[in-house]
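Each remark here refers to the structure printed beneath this line.
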Number of protein chains: 2
Amino acid sequence: SSSSPSLPVIEKETPETQRPHTFLRESDNERSPNTNSTAVRARFEKMIREAQDHVCSAIEAVDGNGMFKEDVWSRPGGGGGMSRVLQDGAVFEKAGVNVSVVYGVMPPEAYRAAKPLSSEDKPGPVPFFAAGISSVLHPKNPFAPTLHFNYRYFETDAPTDAPGAPRQWWFGGGTDLTPAYIFEEDVKHFHSVQKSACDKFDPSFYPRFKKWCDDYFYIKHRGERRGLGGIFFDDLNDYDQEMLLSFATECANSVVPAYIPIIEKRKDTPFLDQHKAWQQLRRGRYVEFNLVYDRGTTFGLKTGGRIESILVSLPLTARWEYDHKPEEGSEEWKLLDACINPKEWI
Amino acid sequence: SSSSPSLPVIEKETPETQRPHTFLRESDNERSPNTNSTAVRARFEKMIREAQDHVCSAIEAVDGNGMFKEDVWSRPGGGGGMSRVLQDGAVFEKAGVNVSVVYGVMPPEAYRAAKPLSSEDKPGPVPFFAAGISSVLHPKNPFAPTLHFNYRYFETDAPTDAPGAPRQWWFGGGTDLTPAYIFEEDVKHFHSVQKSACDKFDPSFYPRFKKWCDDYFYIKHRGERRGLGGIFFDDLNDYDQEMLLSFATECANSVVPAYIPIIEKRKDTPFLDQHKAWQQLRRGRYVEFNLVYDRGTTFGLKTGGRIESILVSLPLTARWEYDHKPEEGSEEWKLLDACINPKEWI
């Protein structure tokens, strides 16, 4: 049971009792003090840690009962993370908000797969840096939607055998909504907040990233998306780096205003067993997407990332009924139809 | 969203209102009447259809309430199958027993991956035939174990551009037990029946296929197996074909005596919420194995097999708690320990 030779190598994590001031390596600062790269790494780490605090406070406030439990971990060679999980709250069944700062080494084949090079380039192992915030929030009430968001920054150093070569960097992420029932005003509100965040930077962002989201969260074997989308982008580096750092910050800051008002509105809506069963079936689809298609999950499982942090995205409970088909025209059918045929919500 | 070019091509299925006498193509009989190959295909189909009847009758008898619902389907170019599912019975939460007879075409790369050839061989597309029975039985009571079994026969025709080349054939399959709690007498009984079936053919079979099973049902990212094993073999063709057909038949016939006595004994055992929650967590592991590692499932999802038949293996309900660790020495811990460190049961 060895891992594929073309996958990155990541060391095993160690539990820590205290939050460090930073997960960045001191050696990075010594090696290249005050470079732009060090500055972007540090500012991105600060941003995702602030976003984690901000989202967790908002979730605890709206839940009113559950509290996040924190696990801090580090890796011997540098890097680490904080997983925060709230389980079995008053409003949330399971809410996870993780930050991680990871150093590793990509085998040349993996690097080539990620960033096509000309056939003359034959790099040695490529050191990389990846930092991100990742979160899935599963409420109990079947009328309250699940939210996922993830923002990440990735850098490669020069290959070890070509120290003068330029660093590569890129941003990725997105925020998407997965309800079991459609309340049009909720979906419109959610997409409007995403669009506002995008429009501050480039009018092409929202339409482009909305479509990218619909394409990405596609459960191919079902012919349907897992939810009603939002925004998604990956490998983004064809804009100014400062601009993309601001954009990722704006997106992360938009999570609370996009989501919490919907939870406030739906958390106490009365429901029947049949509504809960449908939510559970849709959570089954969530599991299918995450385990079969999601890049972060499948990458993490294969490279030996922290399993409990990776799989905290799975719902507390899920359901699979054989050949379940909602009645045409029903509320369940309307949701399914919107997952099969993505709509423009605004 | 196109499928990988090196995966087999399988046509879309059509629902049928009646069970056909055979799913074999008549044209196969015309092309090569009374050949040994046609005979093995026909006898294997007969065997798996009889096994389906036999297992379904035994399950309905022990359930006492639930009835199997049957879906028959065919493919325009030949082949088809029958899915039988019992859902929400008195004893079984979900029980699926499927037979399928599939014709398709393997692209040369897929054929080479399955059956390494010398580098001089450059076959064109390779027609194939695959028939099998596949079943997962999930009881409600947390002290009653889940059972999975699957027996299959595979043949390739000569590549279309090399009509004289020899056909390839092989057998695969196995039966394995996945309890949430260990009753040693149950596990011993189950493994003894598997060993008896194996010993009728070759004394090396049980130890070899028992280890193969422990290796196959490994959830790598957890470092644990999904259950307590049984037997598993694949790509078996280095024995007499008649002998392997008899062996697969013996294995399929052993399912009822290996499993039903355990269900009789455990189906009404009183249990607490905590036992049910642990069963649900183990069912979460079952989902992880099937969606991430199981060859049949991942192959089926990628090649456009009948989704509802493929995913009937998933439990009705499953659960994921963050960082759940059973107390050392507890019954839950003993099960987990046996999944991490496979044992010799007999």
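Note on naming: letters A, B, ... go to the chains in the order of the sequence lines (proteins, then strands), and numbering restarts at 1 for each one.
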With a cut-off of 6.0 Å (strictly less than), are more than 12 heavy atoms of other residues, nucleotides or ligands near [atom1] of [X]?
X: A:Gln274; atom1: CD; value: yes
X: B:Asn341; atom1: CG; value: yes
X: B:Lys211; atom1: NZ; value: no
X: B:Lys69; atom1: NZ; value: yes

Report yes if some heavy atom in the side chain of [X] is under 4.5 Å from a heavy atom in the side chain of [Y]; otherwise report no.
X: B:Val287; Y: A:Trp320; value: yes
X: B:Leu316; Y: A:Glu321; value: yes
X: B:Leu301; Y: A:Glu288; value: no
X: B:Asp323; Y: A:Arg306; value: yes

Legend entry - Shortest non-hydrogen separation from B:Arg319 to A:Thr317 and the atoms involved: NH1-CG2, 3.7 Å

Inset, instruction - Examine whether an atom of B:Ile307 lies under 4.5 Å from a heavy atom of chain A, and if so say whether it belongs to the side chain, the backbone or both; otherwise answer neither. - result: side chain

Inset, instruction - For the pair A:His221 and B:Leu311, evaluate side-chain contact (heavy atoms from CB on, under 4.5 Å) and give the outcome as yes or no after the intermediate values. - result: CA-CA 10 Å; A:His221 60 266; B:Leu311 294 185; 4.0 Å; yes

Inset, instruction - May I ask you to say whether A:Glu308 pairs ionically with B:Arg222, meaning some side-chain N is under 4.0 Å from a carboxylate O? - result: yes

Inset, instruction - Considering only heavy atoms and a distance below 4.5 Å, find which of A:Asp88, A:Asp71, A:Thr298 pairs most often with chain B. - result: A:Asp71

Inset, instruction - May I ask you to decide if A:Tyr322's main-chain N or O and B:Gln87's side chain share a donor-acceptor pair within less than 3.5 Å? - result: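 Yes; judged by distance alone, with no hydrogens or angles, the pair exists.
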
